[in-house]
Amino acid sequence: MGLLRFRGRGAHGVSAEPDGPEDRLRRFATIWSRAVFPVTSTSSTRPEFGEQLLPLARRLSEALRARTFDAEEGRAVGAALVDAHCTDPEALSHSLDCVDAYLVLYCGGDGAPEDLRARSARLQHAMAAGYAQALRERTLAEQESISAAALTAQGVVAQALHASEARFRAVFEGAAIGIGIADLAGNILQVNGALVRMFGGAEQLVRGRNVMEWTHPEDAPQVWKLYEELVCGEREHYHVEKAFYRPDGTVLWTNLTVSLLRDADGNPEYQLALMEDTTERRLLNLRLRYEATHDALTGLPNRTLFFERLEKALGAGEGQRFGLCYLDLDGFKTINDSLGHAAGDRLLVEVADRLQACATAPGEMVARLGGDEFVALTTGPDTEREVDELAARIMNALVAPIMVDGRELTVRGSIGIVEGPAGERSPAEVLRSADITMYRAKSAGGNRFELADPEADARAITRHGLTTSLPTALDRGEFFIEYQPLVHLGDGSVRGAEALVRWLHPQHGVLGPDRFIPLAEHTGLIVPLGRWVLEQSVRQARQWRDRHSDAGPLRINVNLSPCQLTHPGLVQDTVDILERMGVAPDALCLEVTESALIGADDDLLKPLRRLAEMGVDIALDDFGTGYSNLANLRRLPVSVLKLDRSFTQSMQQFPADPVDLKIVEGIVSLAHSLNLAVTVEGVETGAQAEQLRILGCDTAQGWYYARPGPPERLHELALVDATG
Ligand code: C2E
Ligand code: MG
Ligand code: MG
């Protein structure tokens, strides 16, 4: 029988079954269709419309989780909305709201929330862009058919003029487009009902006026030149987009076609204007363009518009430069997680307002790239100086606390600055450099700005190189494990070892875990890698037991990453490995860092608790580096404290700092009173070992005993102290 049995949920019946991804996808499509259906002009029913949205939802869901991001998917979905008759501007904004609020929730799978949210934002931008473009194309197609209709109408009018007055009247009055006739001096002689309605409905305010009075400040320069040519008989017709003031002062936008009508002898006689009202379409287009290029929350220009501007700045001529500040707020996630998204949003709006006020000079702009990332751009010949000032203004603007829900929040940010001449780099290169530099500012403690530096960029790119070679490294067998003995301070015997993973990289040689564990966590590889380490280490423990039963049972310590803690397979995988290798649970100790357990709720602790109940030891690694509440220790299923190296280091000088000694003594006695064993890390000298023994620590690990090494070495050591 297994060490643990798991009871499935099936016994509770179907209703207790969790939703599968397909159910969640459908639910998302349904919510979306409910939001958009009321503003569509489709002939389908609501459920039919939901079915129509389902493939679009699926595309979004797949694009959200795809390995590489493809904006084309978002654009295609935007375009498909136009095809599905969702051409009311509300349809777009409802769709974007819906994607914003629910896509990650229902379709995010187990991806990292931060990444998913960023993806979702980019998908929304792509959707808006695709939507705007499709609508524009559709409008153009419509315009073409209207122009064709206008030409036919014009033919009919010309014919009618020559044929019968009665038929002419009928066509003229019944036409859906505005028609007007004027003499060559511009006096308006006839207008039809459609034209009068376009101008507000009062015929006397249109008829009898002169065409020349209808100038408008937005007239393109060629408008009146074309007119002159026409009335002189030099041109037969022209087509322009033109604005008119209506008698009430409002503006009418039209597609205007003017043709010359000649008499029977071919002499110019009248001019015929055909006009189509495009006011609403124009407003819609402006609004769509605005929505596609601005961030809905803060009203700032978004990524799309920012890239347009950056591209322009980088393409500017000789002597022109650009300066870019890439800002990411420090600790925004904490605010969002603790105060909720609504408060987070309000904070972002306030930050956006303050940033906007920092960049008001011509050539400057501020944009929101998504999440808590903003950029400020300055352009011109003098950006070397200006960009520093801009960054300083931004840092300054963040100094005053922000009031949200009656709370004063202190906001800090990290800025990466890139400055340089136009014409050398692409927008993507500039942004990547800014991003890398911003991270440098963050890892230097945040609340500062740093200037881009090609060498630092290159280092970060090596990091990127590691990220790309990491996924295959496990299959290629490039990882190996070193073991570092754990020694009992009382009698000096070896009690076990900690497994420490290394990567033998084909180009970079042996890399320590600090170089690649964070990347493995980021890419999710940590789960299979961690499982591999566990399996290898437990196998090693078994071998030690088989070959050296005389030296007493050796225990194995294995590190666990926070991501492994939340992985649902943790308990089962561990149980399987122990059973397969025939190793008892109490020969295994799993090390979890203190920081991973700070603020952990019961759900997170449950798998650890189960493992502890089975007899697996859980150690709190690097203890003393986090801020965990000592009283909290009681809640945790932990049986060992591993005191961080920093405590040991402070014991290096002689005499050791009495306050440090007191602290360690206090921790040890508290740990013992909670039934926890204490292990110390980083013991490098005999004096430290002695001091720590006196303070009551149980076990030690460090270079004084042995550096991490191959598994055979451990036994040489164990045998030495067993015999000597
Ligand atoms: P850790 O668990 O605190 O491991 C102890 C680290 O201290 C090891 O560094 C070890 O080589 C080093 N060390 C041991 N004795 C001394 C000493 O006397 N002086 C000094 N200065 N250092 C000493 P390493 O191997 O670089 O590992 C770093 C961290 O990487 C580990 O810290 C652990 O958190 C993580 N790690 C290592 N292997 C794994 C693994 O398989 N999975 C996961 N998730 N993390 C791992
Ligand atoms: Mg450890
Ligand atoms: Mg440690």
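Heavy-atom basis, side chains included; hydrogens, waters and symmetry copies ignored. Order of listing sets the numbers, starting from 1, for every ligand and every atom in it.
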Sub-3.5 Å N/O-N/O distance, Ser561 and ligand 1 | yes
So is there a nitrogen or oxygen of Val501 less than 3.5 Å from a nitrogen or oxygen in ligand 1?
-> yes
With a 4.0 Å cut-off on heavy atoms, is Pro708 touching ligand 1?
-> yes
Is the closest heavy-atom distance from Glu498 to ligand 1 below 4.0 Å?
-> yes
Which bit of Asp622 gets closer than 4.0 Å to ligand 1, counting heavy atoms only: side chain, backbone, both or neither?
-> side chain
Crowding at CZ, Phe69 (>12 non-hydrogen neighbours, <6.0 Å) | yes
For ligand 1, is Gly512 a contact, meaning one of its heavy atoms is under 4.0 Å away?
-> no
With heavy atoms under 4.0 Å as the rule, classify the contact between Thr593 and ligand 1 as side chain, backbone, both or neither.
-> neither
Using a 4.0 Å heavy-atom threshold (strictly under), name the region of Leu500 that reaches ligand 1: side chain, backbone, both or neither.
-> both
Do any pairs count as a salt bridge (charged side-chain N to carboxylate O under 4.0 Å, His left out) and have a residue in residues 436-451, sequence neighbours left out, and if so which ones?
-> Asp328-Lys442, Asp330-Lys442, Arg440-Glu450
Near the Mg ion (ligand 2), is there an N/O/S atom from Glu681 that is less than 2.8 Å away?
-> no
Would you please determine whether Arg645 falls within less than 4.0 Å of ligand 1 on a heavy-atom basis?
-> yes
Within residues 685-705 or reaching into it, pairs that qualify as salt bridge (charged side-chain N to carboxylate O under 4.0 Å, His left out) - sequence neighbours excluded = Glu690-Arg693
Contact check, Arg502 vs ligand 1, heavy-atom distance below 4.0 Å = yes
